[in-house]
Every structure is written in C-alpha cells, then in structure tokens.
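First the structure, in the form of structure tokens, and then the observations on it.
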Amino acid sequence: MADRLPLPGFVDAHSHTFQRALRGRSEGGDFWAWREAMLLEAGRQTPEGVRRDYAATYRELRRAGYTVVGEFHYLGLPAASAAVDAAADAGIELVVLLAAYARGGLPRFRQESVAAFLGEVEALRANGVRVAPAPHSVRACPADWLREIGAYAGSEDLPLHVHADEQPREIEECLAEHGVRPIELLARCGCLGPRTTVVHATHADGRELDLLAESGARVCLCPTTEANLGDGYAPVEGLLERGIAICIGSDSNVRIDPLEELRELEGIARRSSGRRNVVPVEMLLAFGSAEGAASLGLDHWPGTEADLGHPSLAGVAVDDVPQALVFGCSADVFG
Ligand SMILES: [Zn+2]
C-alpha cells in the first residue's frame with residue numbers, strides 16, 4: 001500500500017476568517033447575542049491584522065486538507081486585498097465573495113449604493129482577483145439591490161453567494177417586509193440560478209427547496225458552525241430528495257476540519273432518517289471538494305493527500321479508507 005492517498009483538495013466554500021478569533025469565547029445566549037460579539041470583533045479588524053491573522057488561519061485550512069477558500073468578505077476593500085495577500089502567503093487558492101451590504105451591520109460593511117458595490121467588484125477584478133458578488137442576505141440587501149446584483153452576476157457569468165434562512169427571525173422579517181420568504185425573494189429578484197450558492201438554508205420550507213431545485217442553485221452547509229450557533233438542523237434529506245447540490249464551508253471557523261463538516265452533515269441525515277449511509281461516501285467527498293469548486297466557479301483546483309500511515313487509518317482495508325476517513329478521522333490525517 002502506498003503511504004499517501006491522493007485526493008481532490010477540499011474546498012471551503014464559505015469562510016468568515018476573522019471569526020476564528022471568537023472561538024472559545026462565551027458567545028452569548030443565542031445567534032443574535034453571538035452576532036453582537038462578532039460585530040465587535042469585525043470592528044477591530046485592520047488590513048494589517050487581516051494580512052497577519054488570515055495567513056495563519058489559511059495555513060490551518062491548508063494543513064486540514066482545504067486547498068481553496070471562498071472568503072465571504074464584508075470588512076471593506078482594503079481588507080479584501082489583505083486577504084488576497086494572506087492567501088498567497090499561505091499557499092491556498094482564494095475566491096473573494098465580496099458582500100453587498102446596504103443596511104444594518106457596521107458602517108464599514110456598507111456601500112452607499114449598489115453601483116458603488118459593483119464598482120468594488122470591478123476594482124478587484126481589474127486587479128486580477130477572483131471575485132464573485134455576494135449580497136449578504138435579504139436582511140442586508142433590499143429588493144432593488146438584489147435585482148441589480150442578480151442581473152450583473154448573470155451577465156458576467158459569475159457565481160453569486162448569499163446567506164438565507166439561517167435563523168427564523170430573518171424569515172419573519174422578510175415576510176413582514178416583502179410578503180415572501182427569503183429564497184422566494186431571491187427567486188423573484190433574479191438571484192437564483194445554476195451559479196447561485198445559498199448559504200445555510202437551515203429553515204427553508206418545501207416551496208423554497210423546490211425553487212432551489214428548479215433553478216439549479218446549490219446550498220452550502222456549514223454544520224459545525226450551524227451547531228455552534230444553534231441555527232438548527234440542515235434540511236439534508238429535503239436537499240437530497242430534490243437533487244440539490246451541496247457544498248461545505250468552515251464559516252465561523254470554530255472548527256477547521258472538512259471531515260468533521262461531512263460527518264456532521266451525514267450525522268444529521270442519519271439521525272433524522274433512522275438509517276445509515278444516507279449519502280454515499282463518494283458523494284460526501286464530492287460535497288467537500290468538486291461541488292465547492294463548482295460553487296466558486298473553478299474547473300481546476302489543487303489536490304491533497306491522506307497519510308495512510310496515520311494511526312486513525314492503521315489496519316483499515318484499502319476499500320474502506322474513504323469511509324474511515326469521513327467517519328473515523330480528523331483533519332490531521334492530511335498533515
Ligand atoms: Zn456566513
């Protein structure tokens with residue numbers, strides 16, 4: 001047996017890298033209390049700090065088998081450039097998912113107009129940065145912004161990433177403002193298509209999942225963060241039944257381990273169905289790699305290798321290694 005097993009690199013399709021600093025802190029009573037701590041941390045970020053700290057976290061991602069990261073970025077343009085430099089330093093491929101933020105959050109998150117936001121996207125593209133527009137959420141972007149950004153992504157053939165349905169309150173607020181649920185609003189505003197990735201979709205109802213399936217959109221699940229924040233259970237079976245593609249993200253980076261994300265994802269499906277092997281292991285590994293690359297608009301990305309001499313894999317038959325990786329290993333097996 002070879003000592004190393006080559007594998008497609010894992011793709012982290014959704015990271016807010018600065019949130020790594022929040023791990024281990026008492027994070028408040030619920031998502032909204034955690035968000036206050038997150039906003040304080042976001043306010044402390046400087047381009048110099050991003051350059052330094054992102055490089056350290058990107059090295060952790062790289063050691064954990066991730067070879068690509070989609071940085072969902074809302075800390076302003078100078079910090080976006082610092083993240084690009086940090087990724088180059090750490091040897092990880094980066095796609096900047098530049099967040100559009102019309103309202104709420106901190107002043108540094110916001111652009112004064114949707115034209116100003118698209119100007120920021122163009123500025124990064126002109127510098128050779130891989131970038132995709134990312135309306136932060138229906139909380140942060142009104143309908144006219146969503147329409148313009150959806151049209152821009154469509155005409156430029158770019159991915160579009162957006163948070164939706166992470167928390168029930170967001171859905172209640174969307175219903176009050178627009179009379180429809182978040183994914184329905186995204187569909188109405190031209191933001192759903194085969195290059196769209198909806199992040200979380202935790203509380204999506206059947207109609208919203210149907211809209212995702214009809215449009216060919218993907219869902220990015222971030223199971224360790226969703227568990228940590230008390231978001232709820234990802235609708236794994238509802239996604240699978242409809243053939244909706246799934247990818248994964250490290251999101252708040254409370255954990256950096258693609259195997260753990262996949263194990264949690266399958267664990268949710270097993271607990272809710274009372275069955276085993278709900279998602280075939282080859283498909284799980286594709287969620288962690290090829291689907292993430294497709295979500296970020298990449299055809300090619302670097303590979304990784306598992307250490308077959310690692311104690312976690314000792315004595316495992318060759319044919320069982322993929323299962324053993326997902327269910328019996330941590331990311332140090334890629335070290
Ligand atoms: Zn996020």
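Values below: all heavy atoms of this structure, side chains included; hydrogens, waters and symmetry mates excluded. Whatever order the structure lists ligands and atoms in, that order sets their numbers, starting from 1.
A donor and an acceptor atom, one from each side chain of S250 and D12, are located under 3.5 Å apart.
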Review item, side-chain donor-acceptor pairs of residues 77-101, under 3.5 Å, at least two apart:
residue: D89; atom: OD1; partner: R59; partner atom: NH2; Å: 3.4
residue: D89; atom: OD2; partner: R51; partner atom: NH1; Å: 3.4
residue: D89; atom: OD2; partner: R59; partner atom: NH2; Å: 3.1
residue: E93; atom: OE1; partner: R130; partner atom: NH2; Å: 2.7

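Aromatic ring centroids of H161 and H14 lie 6.0 Å or more apart.
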Full working for side chain to side chain contact (heavy atoms under 4.5 Å, CB included) between R20 and R23: CA-CA 6 Å; R20 180 79 170 140; R23 68 193 187 284; 3.2 Å; yes
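Contact annotation: the side chain of V114 never approaches that of D144 to less than 4.5 Å [non-hydrogen atoms, C-beta and beyond].
For the Zn ion (ligand 1), the nearby protein N/O/S atoms, meaning those under 2.8 Å, are H14 NE2, H16 NE2, H163 NE2.
Ionic pairing of R275 and E237 is present here: one or more N-O contacts between side-chain nitrogen and carboxylate oxygen are shorter than 4.0 angstrom.
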